[in-house]
Amino acid sequence: MNDDFDGEIELVCGVDVSYQQEIAHCSAVIVKKKTLEAVEVARSRSIAKFPYIPGLFMLRESNPIMHALKLLKNPFQLLLIDGHGLLHPRRCGLACYIGIITNKPTIGVAKSLLCGSLQSDGFVKYNEEILGYAIKRDTKPRKTIYVSIGHKIGLPTAVKLVRALTKTGELIPEPLRVADITSKDHGNRE
DNA sequence: GCGACAG
DNA sequence: ATCTTGTCGC
């Protein structure tokens, strides 16, 4: 897949979901690409209507995510999703699914592998295909994120963008790091 | 049949 | 994801 977007990327959105029993708390965060400063946070609460099944993650998280995205006021040119994109048993992870629905350039960022194996050069191969890339901060495997294509973007560009969106010393790109934190703030404040 | 398995 | 104390390490 090649890059399919024009103009500069100014605002990037990251979205994450946490759970409290069967209540899904979703947070969508918009960050300025240049400064990594968060400019907007949108939240949605909903009932999880599908169990977590590896490979069918989209059936559980797509509705909460789409709901939160619709609440955003600012336009964004890139979307980061906490889960795999092309690096998926059916080559269609949550990031592909959300990318197709929103029709925005989308990148999948996961904290562990669902399928495929890590090569010494950092790329992840599955069924003889290079479907993702591992970015690591430590020698420890858990300190690694797996980047794969979601929609309208190529893997090299996706990796560059993820790196550019990650603060020094951090592992998770800022939009997702903030979304992860705010989605877990089950409290109520404006 | 057995094990692996995003969040 | 979430349940959870103390503990190892920079």
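Chain letters run A, B, ... following the sequence lines, proteins first and then strands; every chain starts at 1.
Distance, A:Arg60 CZ to C:dT2 C1': 11 Å, rounded to whole Å. The CD1 atom of A:Ile172 sits 14 Å away from the C1' atom of C:dA1 (whole-angstrom rounding). Atom CG in A:Leu114 sits roughly 14 Å away from atom P in B:dA4 (whole-Å rounding). Residue A:Tyr146 contributes atom OH, which lies 14 Å from atom C1' of B:dC5 at whole-angstrom precision. When rounded to the nearest whole Å, the span between CG of A:Leu59 and P of B:dG7 equals 17 Å.
In this structure, the side chain of A:Thr157 does not engage the main chain of A:Asp3 through any donor-acceptor pair within 3.5 Å.
The aromatic ring of A:Tyr52 stacks onto the base of B:dG7, its centre lying under 5.5 Å from the centre of the six-membered base ring with the two planes under 30° apart.
A centroid separation of less than 6.0 Å is found between the aromatic rings of A:Tyr52 and A:Phe57.
Checked by atom type, the side-chain pair A:Tyr19/A:Glu61 shows a donor-acceptor distance below 3.5 Å.
Regarding contacts with the backbone of B:dG7, every side-chain N or O of A:Tyr19 stays at 4.0 angstrom or more from both OP1 and OP2. The side chain of A:Ser18 contributes no N or O atom lying less than 4.0 Å from OP1 or OP2 of B:dG7. Distances shorter than 4.0 Å separate none of the side-chain N or O atoms of A:Ser112 from OP1 or OP2 on B:dC5.
Note on A:Leu56: a base of the nucleic acid sits closer than 4.0 angstrom, heavy atoms only.
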